[in-house]
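In this text the structure is predicted, and so the values were computed from the model without any measurement. Letters go in sequence order (proteins before strands), and every chain restarts at 1.
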Amino acid sequence: EAGVVQSPRYKIIEKKQPVAFWCNPISGHNTLYWYLQNLGQGPELLIRYENEEAVDDSQLPKDRFSAERLKGVDSTLKIQPAELGDSAVYLCASSLRQGVTNTGELFFGEGSRLTVL
Amino acid sequence: QKEVEQNSGPLSVPEGAIASLNCTYSDRGSQSFFWYRQYSGKSPELIMFIYSNGDKEDGRFTAQLNKASQYVSLLIRDSQPSDSATYLCAVRKSSASKIIFGSGTRLSIRP
């Protein structure tokens, strides 16, 4: 079974430029998450989707960040314009709904490392 | 107060000894607790989850939960150099809630 796929793995841009990250979750996983992880810190939630609906985006800086999950499968996270402080790893994760037969654990992609110069 | 707190470490443990990692959480209504391992430059991967008070064992790993004290721990027996990584504690309030991570504890197993 294929895992969570993210692209690009690495991206270097100059400040004020736009950037987009793409995520393809595990087939059948209805919940998709975008996390931001700075060096030496734990992942911080940016947005969580249940199917097509963004159910938790309180931590997403909406002045420059946007996300979408068309058809409840793939998702794109965009930053425009990027700032120096946006340099981090952007992690996508997916899960099934927690229930009797599953833990609802998160399965992470390999991440997209952004460097803003 | 952070929602999930961990000592950042590094925690240095000799090979073959028991490594003990601790985590506290602030929301008393939390129901699900996870331990993820993250190697340098890699993504987190689940190693243990626990829902009920008490101990849960899986191979060399034991997760311990004390909801009254709002405390979760992870014990690693017979520590190996391959256990050297950052261990992330994660908490979920309910099956419909988001998962919140601590900042992680860096563990180093010295030969």
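- In this structure, A:Phe108 CZ and B:Lys42 NZ are separated by 15.5 Å, a value rounded to the nearest 0.5 Å.
- The environment of B:Asn22 atom CG is dense: over 12 non-hydrogen atoms of other residues, nucleotides or ligands sit within 6.0 angstrom.
- Residue A:Gln37 touches chain B through its side chain alone, counting heavy-atom pairs closer than 4.5 Å.
- Separating the OH atom in A:Tyr33 from the CD1 atom in B:Ile99 is a distance of 5.0 Å, to the nearest 0.5 Å.
- For NZ of A:Lys71, the number of neighbouring non-hydrogen atoms (other residues, nucleotides, ligands) closer than 6.0 Å is 12 at most.
- Taking each heavy atom of A:Leu91 and B:Ser43 in turn, the nearest pair found is CD2-OG, 3.6 Å.
- Under a cut-off of 6.0 angstrom, the local environment of NZ in A:Lys78 is sparse, with at most 12 non-hydrogen atoms contributed by other residues, nucleotides or ligands.
- Interatomic distance, A:Asn38 CG to B:Ser103 OG, rounded to the nearest 0.5 Å: 12.0 Å.
- When the ring pair (Phe, Tyr, Trp, His ring centres under 6.0 Å) test is applied to B:Phe61, no partner is found at least two apart in sequence or on another chain.
- For B:Gln6, no part lies under 4.5 angstrom from a heavy atom of chain A.
- At a threshold of 4.5 Å between side-chain heavy atoms, the hydrophobic network of Ile, Leu, Val, Met, Phe, Trp and Tyr places A:Ile13 and A:Leu84 in one connected group.
- The CD1 atom of B:Ile100 sits 8.0 Å away from atom OH of A:Tyr35, with the distance rounded to the nearest 0.5 Å.
- Enclosure of atom OH in B:Tyr39 by more than 12 non-hydrogen atoms of other residues, nucleotides or ligands within 6.0 angstrom is indicated.
- With rounding to the nearest 0.5 Å, the separation of CG in A:Leu45 from NZ in B:Lys98 is 6.0 Å.
- Between B:Ile47 atom CD1 and A:Glu105 atom CD the span is 11.5 Å, to the nearest 0.5 Å.
- Surrounding NZ of A:Lys11 are at most 12 heavy atoms belonging to other residues, nucleotides or ligands under 6.0 Å away.
- Looking only at distances, a side-chain donor or acceptor of B:Tyr36 sits under 3.5 Å from a matching main-chain atom of A:Leu106.
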